Asker: 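After the structure tokens below, expect a handful of questions from me.
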Amino acid sequence: MKRRRVLIGGATIAAAGGLMAAGLASADTTTSESDSAATTVSSDASSDVCTLTEEVTEGPYWLSGALVREDIREDKDGFEVQYTFTVVDQANDCAPLENALVEIWHADALGEYSGYVGKNGHTETDDSTFLRGGQTTDSNGQVSITSIWPGHYVSRAVHVHMRVHTDVTLTDDSYTGGSIVHTGQLFFDADINSEIQATSPYSGNTTTETQLDDDSIYDDGGASSGLLTLTALGDSVSDGYAATLTVGVSTS
């Protein structure tokens with residue numbers, strides 16, 4: 001598999017204006033995972049150095065031609081997650097990367113992926129598009145996507161898949177062409193996730209759950225390994241969460 005060099009940093013999104021390189025460098029030391037051992041180079045906040053690491057395997061459930069849309073939930077039940085990602089380009093001094101397509105996809109509350117329903121032992125309607133899609137970044141490199149908290153499936157901890165594309169051509173509701181400059185996975189706080197997985201509709205998923213510490217991809221690096229920064233939207237887990245992450249790619 002051809003690998004690209006990417007950087008991933010966990011950070012709260014700036015309220016207004018572009019994300020400066022110093023903002024990225026001040027985030028946690030970055031790492032990533034791949035289907036082989038990852039190599040880590042620490043970020044140096046004093047010199048605003050971007051950290052480069054190997055990307056993460058895409059996994060088995062990607063489908064081409066994702067819908068370009070802000071809300072990917074369709075009719076799926078689950079607790080709302082409001083994602084905000086900031087994409088920066090290491091090849092351009094970590095400047096915000098405009099017009100990049102940020103695509104995510106993940107399992108529903110029962111651990112089933114659209115296009116692959118039944119792989120986690122449940123029978124339901126499969127239209128091949130639920131909980132898949134993306135948006136293009138603005139001039140600040142930022143993009144917002146609304147979805148639900150994922151369910152779990154056999155052998156993996158709860159996670160979300162991500163890809164970042166450049167130079168795509170937008171169609172009425174999707175895209176064509178372009179280049180993939182990042183493939184990664186995102187993870188959630190284990191304690192919050194445990195509470196959510198024990199609550200309906202997630203509790204209807206009776207397959208065995210793999211805990212974050214035992215996941216084959218997550219390497220216990222915190223935000224630097226794709227662990228999302230979460231902010232509660234209310235007093236209960238059912239009210240949902242805002243989730244943020246800074247993702248750096250090298251377009252060179």
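What you are looking at is a predicted structure, and each value in this text was computed from that prediction instead of being measured.
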Asker: Is the closest side-chain heavy-atom distance between Val168 and Val68 below 4.5 Å?
Answerer: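 Answer no - side chains too far apart.
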Asker: How far apart are the C-alpha atoms of Glu74 and Thr129, what are their side-chain angles, what is the distance that settles it, and do they pass the side chain to side chain donor-acceptor pair (under 3.5 Å) test?
Answerer: CA-CA 8 Å; Glu74 297 188 10; Thr129 60; 2.5 Å; yes
Asker: Over 60° means perpendicular and under 30° means parallel, so tell me whether Tyr113 and Tyr153 are parallel, tilted or perpendicular.
Answerer: perpendicular
Asker: For the pair Asp214 (side chain) and Gln211 (backbone), establish whether a donor and an acceptor sit closer than 3.5 Å, ignoring hydrogens and angles.
Answerer: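 Checking the backbone N and O of Gln211 against the side chain of Asp214, no donor-acceptor pair under 3.5 Å is found.
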Asker: Between Asp173 and Arg69 (salt bridge meaning N to carboxylate O under 4.0 Å), is one present in this structure?
Answerer: no
Asker: Are side-chain heavy atoms of Ser147 and Leu131 found at a separation under 4.5 Å?
Answerer: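 Ser147 reaches Leu131 side chain to side chain.
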Asker: Would a single hydrophobic cluster contain both Leu230 and Ile104, if residues Ile, Leu, Val, Met, Phe, Trp and Tyr are joined by side-chain heavy-atom contacts under 4.5 Å?
Answerer: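 Yes, because Ile104 and Leu230 connect within a single hydrophobic cluster, where side-chain heavy atoms sit under 4.5 Å apart.
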Asker: Looking at Asp191, is its backbone amide N or carbonyl O close enough to the side chain of Asp189 to form a donor-acceptor pair, meaning the two atoms are under 3.5 Å apart?
Answerer: yes
Asker: Heavy atoms, side chains only, cut-off 4.5 Å: are Pro96 and Gln142 in contact?
Answerer: no
Asker: State, yes or no, whether a side-chain contact exists between Tyr218 and Gln185 at a heavy-atom distance under 4.5 Å.
Answerer: no
Asker: Verify whether one side chain among Ser225 and Asp219 offers a donor that lies under 3.5 Å from an acceptor in the other.
Answerer: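 There is such a pair (donor and acceptor under 3.5 Å, judged by atom type) between the side chains of Ser225 and Asp219.
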Asker: Does the distance from a Lys or Arg side-chain N to an Asp or Glu carboxylate O, for Glu80 and Arg73, drop under 4.0 Å?
Answerer: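 Salt bridge flag = yes for Arg73 with Glu80.
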Asker: Kindly indicate whether the side chain of Leu212, heavy atoms from C-beta on, has any atom under 4.5 Å from the side chain of Phe187.
Answerer: yes
Asker: What about Leu67 and Tyr61, same hydrophobic cluster or not, with Ile/Leu/Val/Met/Phe/Trp/Tyr joined at side-chain heavy-atom distances under 4.5 Å?
Answerer: no
Asker: Say you draw a straight line from CD1 of Ile180 to CG of Asp167; how long is it, rounded to the nearest 0.5 Å?
Answerer: 12.5 Å
Asker: Hey, quick one: are Val81 and Val237 part of the same hydrophobic cluster, counting side-chain heavy atoms closer than 4.5 Å, chains of contacts allowed?
Answerer: yes
Asker: Parallel, tilted or perpendicular: which one describes the rings of Tyr83 and Phe188, with boundaries at 30° and 60°?
Answerer: perpendicular
Asker: Does CG belonging to Asp235 count more than 12 external heavy atoms closer than 6.0 Å?
Answerer: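 Result for CG/Asp235: open.
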Asker: With rounding to the nearest 0.5 Å, note down the distance linking OG1 in Thr183 to CZ in Arg163.
Answerer: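 These two atoms lie 4.0 Å from each other.
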Asker: Check whether any side-chain N or O of Ser179 sits under 3.5 Å from a backbone N or O of Thr166 as a donor-acceptor pair, and report yes or no.
Answerer: no
Asker: Atom CD1 of Ile72 and atom CH2 of Trp105: how far apart are they, to the nearest 0.5 Å?
Answerer: 11.0 Å
Asker: Is it true that a side-chain atom of Thr84 and a backbone atom of Ser144 form a donor plus acceptor pair closer than 3.5 Å?
Answerer: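 Looks like no, no N/O pair under 3.5 Å.
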Asker: Has the side chain of Asp138 got a donor or acceptor atom that lies under 3.5 Å from a matching backbone atom of Gly141?
Answerer: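 Judged by distance alone, yes, a pair lies under 3.5 Å.
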Asker: Give, for atom CD of Gln90 and atom OG1 of Thr251, the distance between the pair rounded to the nearest 0.5 Å.
Answerer: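 Going from CD on Gln90 over to OG1 on Thr251, the span is 9.0 Å.
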Asker: Could you pull out the closest heavy-atom pair between Val247 and Val164, with the gap in Å?
Answerer: CG1-CG2, 4.5 Å
Asker: Could you tell me whether the side chain of Ser236 and the main chain of Asp239 form a donor-acceptor pair under 3.5 Å?
Answerer: no
Asker: Is any side-chain heavy atom of Val87 closer than 4.5 Å to a side-chain heavy atom of Val102?
Answerer: yes
Asker: Is there a side-chain contact between Arg156 and Thr210 (heavy atoms, below 4.5 Å)?
Answerer: no
Asker: Side chains of residues 198-207: which donor-acceptor partners sit under 3.5 Å, not counting sequence neighbours?
Answerer:
{"unit_1": "Thr199", "atom_1": "OG1", "unit_2": "Glu195", "atom_2": "O", "d": "2.8"}
{"unit_1": "Tyr202", "atom_1": "OH", "unit_2": "Phe79", "atom_2": "N", "d": "3.1"}
{"unit_1": "Tyr202", "atom_1": "OH", "unit_2": "Trp149", "atom_2": "O", "d": "2.6"}
{"unit_1": "Ser203", "atom_1": "OG", "unit_2": "Ser200", "atom_2": "N", "d": "3.4"}
{"unit_1": "Asn205", "atom_1": "OD1", "unit_2": "Thr207", "atom_2": "N", "d": "3.2"}
{"unit_1": "Asn205", "atom_1": "OD1", "unit_2": "Thr207", "atom_2": "OG1", "d": "2.7"}
{"unit_1": "Asn205", "atom_1": "ND2", "unit_2": "Leu110", "atom_2": "O", "d": "3.4"}
{"unit_1": "Asn205", "atom_1": "ND2", "unit_2": "His152", "atom_2": "O", "d": "2.7"}
{"unit_1": "Thr207", "atom_1": "OG1", "unit_2": "Asn120", "atom_2": "ND2", "d": "3.3"}

Asker: Side chain of Asp215, backbone of Ile217: donor and acceptor closer than 3.5 Å?
Answerer: yes
Asker: Can Ile148 be reached from Leu233 by stepping across I, L, V, M, F, W or Y side chains whose heavy atoms are under 4.5 Å apart?
Answerer: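 The answer is no; the residues belong to distinct hydrophobic clusters.
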Asker: Measure the OH-CG distance between Tyr116 and Asp126 for me, rounded to the nearest 0.5 Å.
Answerer: 10.0 Å
Asker: Specify whether His159 and His161 have parallel, tilted or perpendicular ring planes, treating 30° as the upper limit for parallel and 60° as the lower limit for perpendicular.
Answerer: perpendicular
Asker: Treating Ile, Leu, Val, Met, Phe, Trp and Tyr as nodes and any side-chain heavy-atom pair under 4.5 angstrom as an edge, say whether Leu97 and Tyr175 lie in one connected cluster.
Answerer: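 They do not share one cluster, since no chain of ILVMFWY contacts under 4.5 Å joins Leu97 to Tyr175.
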Asker: Verify, without hydrogens or angle tests, whether Glu112 (side chain) and His122 (backbone) share a donor-acceptor contact under 3.5 angstrom.
Answerer: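 The answer is yes, because a donor-acceptor pair under 3.5 Å joins these two groups.
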Asker: Any chance the side chains of Glu209 and Asn193 put a donor and an acceptor closer than 3.5 Å?
Answerer: yes
Asker: Rounded to the nearest 0.5 Å, how far does OG1 of Thr169 lie from CG of Leu101?
Answerer: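 Going from CG on Leu101 over to OG1 on Thr169, the span is 11.0 Å.
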Asker: Counting N and O atoms only, with roles assigned by atom type, does the side chain of Ser114 sit under 3.5 Å from a partner on the main chain of Phe130, one being a donor and the other an acceptor?
Answerer: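 Yes, because the side chain of Ser114 sits within donor-acceptor range (under 3.5 Å) of the backbone of Phe130.
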Asker: Is there a side chain to side chain contact (heavy atoms under 4.5 Å, CB included) between Met162 and His182? Walk through the geometry before answering.
Answerer: CA-CA 8 Å; Met162 169 187 280; His182 172 58; 4.1 Å; yes
Asker: Only one of Leu186, Leu227, Thr229 forms a side chain to side chain contact (heavy atoms under 4.5 Å, CB included) with Leu245, so which one is it?
Answerer: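 Going through the options one by one, the only one that passes is Leu186.
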